[in-house]
Trainee: 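Here it is: the structure, laid out below.
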Amino acid sequence: MTRAEFMGRLRRGLVGLPAAAAAEIASDYEQHFEDGAAAGRTEAEVAAALGDPVRLARELRAEAGARRWDQEKNPSAAAGAVFAVLGLGAIDILILLPILMTVVGVLFGFVMAAIGLFIGGGVVMVAGPVAGFPGGAVTAILAGLGMMAGATAIGALTAIATILLVNATVWFARLHYRLLKPALEPQTQA
């Protein structure tokens with residue numbers, strides 16, 4: 001992404017902020033590109049390091065809404081802050097919820113497969129020698145143990161994937177909490 005594309009998307013995302021605040025934010029990001037060029041980085045590298053300008057604009061609008069509430073403490077500022085933060089969260093939910101539900105569904109499927117494979121392995125191990133399993137009793141016992149071991153491996157990998165998913169969700173929540181933290185902390189009078 002070029003500097004012009006990045007700045008255009010950022011400016012469009014900042015529409016609705018006071019003109020002075022939007023100009024100051026745009027100036028700060030223009031400075032990032034100038035500093036990157038001075039350091040020998042390309043516009044694409046600087047844009048990639050800064051992230052998605054649309055998302056960045058949503059976060060900056062939410063932060064500006066929270067700062068405005070901090071300064072003005074009136075219903076208009078409160079509504080602006082609430083709607084900016086809700087807008088940020090709503091878009092994230094709309095994007096992440098289908099992905100999260102798909103991943104949770106796949107993990108649930110793996111858990112069910114592991115349980116079914118474990119039970120099936122137990123049945124083959126116990127009933128195989130009596131029911132005339134092809135290859136004899138030893139083969140039935142080993143096949144059953146193998147199925148149970150495979151089920152245990154699937155269960156362990158699913159548990160690891162679940163832990164990683166929970167950690168990613170906590171990281172994402174903390175990322176958004178950092179944005180809200182200044183607004184949530186009690187203000188001390190000096």
Side-chain angles (χ1 to χ4, degrees), residues 1 6 9-10 13 29 32 36 41 44-67 69 81-186:
M1 179 181 314
F6 183 92
R9 290 180 185 177
L10 181 66
Y29 284 93
H32 285 292
R41 296 172 66 193
E45 290 173 335
V46 174
L50 292 174
D52 178 25
V54 175
R55 180 174 176 80
L56 185 61
R58 285 194 317 260
E59 291 173 353
L60 290 168
R61 287 174 59 97
E63 185 178 345
R67 266 191 272 133
W69 164 248
V82 167
F83 286 123
V85 172
L86 285 178
L88 178 65
I91 290 173
D92 287 340
I93 288 171
L94 290 175
I95 292 169
L96 293 177
L97 190 60
I99 295 169
L100 188 62
M101 293 307 293
T102 302
V103 171
V104 168
V106 168
L107 289 174
F108 181 74
F110 276 116
V111 167
M112 293 288 99
I115 291 170
L117 189 59
F118 192 85
I119 292 171
V123 168
V124 167
M125 188 175 78
V126 172
V130 177
F133 192 80
V138 173
T139 306
I141 292 171
L142 292 177
L145 285 174
M147 289 172 65
M148 293 171 75
T152 304
I154 291 171
L157 291 175
T158 303
I160 291 170
T162 302
I163 290 168
L164 292 174
L165 178 65
V166 170
N167 286 341
T169 305
V170 168
W171 172 81
F172 188 77
R174 284 184 180 156
L175 177 69
H176 284 286
Y177 178 72
R178 278 189 227 133
L179 176 67
L180 295 174
K181 186 177 179 183
L184 297 175
E185 288 178 345

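In this chain, residues are counted from 1 in sequence order.
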Trainee: Let me confirm one number: the CE-CG distance from M1 to D52, rounded to the nearest 0.5 Å.
Mentor: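 Going from CE on M1 over to CG on D52, the span is 6.5 Å.
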Trainee: Nearest 0.5 Å please: distance from the CD1 atom of I154 over to the CD1 atom of I115.
Mentor: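 Between I154 CD1 and I115 CD1, I get 11.5 Å after rounding to 0.5 Å.
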Trainee: Give the minimum heavy-atom separation between A49 and R41, together with the two atoms involved.
Mentor: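 For A49 versus R41, the nearest heavy atoms are CB-NH2, 3.3 Å.
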Trainee: Considering only heavy atoms from C-beta outward, does the side chain of F110 approach that of T162 to under 4.5 Å?
Mentor: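 No, too far: nothing below the 4.5 Å cut-off.
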Trainee: Would you indicate whether F133, at its atom CZ, is surrounded by more than 12 heavy atoms from other residues, nucleotides or ligands within a distance under 6.0 Å?
Mentor: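 Atom CZ in F133 is packed in, count exceeds 12.
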Trainee: If you compare all heavy atoms of P129 against all heavy atoms of A137, which two are closest, and at what distance to 0.1 Å?
Mentor: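 Heavy atoms only, the tightest pair is CB-CB, 3.6 Å.
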Trainee: Minimum heavy-atom separation for T158 to V111, with atom names?
Mentor: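 That would be CG2-CG2, 3.6 Å.
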Trainee: Less than 4.5 Å apart, any side-chain heavy atom of F6 and any of V46?
Mentor: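 Of all side-chain heavy-atom pairs linking V46 with F6, none is under 4.5 Å.
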Trainee: Which pair of heavy atoms, one from V124 and one from A143, lies closest together, and at what distance?
Mentor: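 Here V124 and A143 meet closest at CG1-CB, 4.3 Å.
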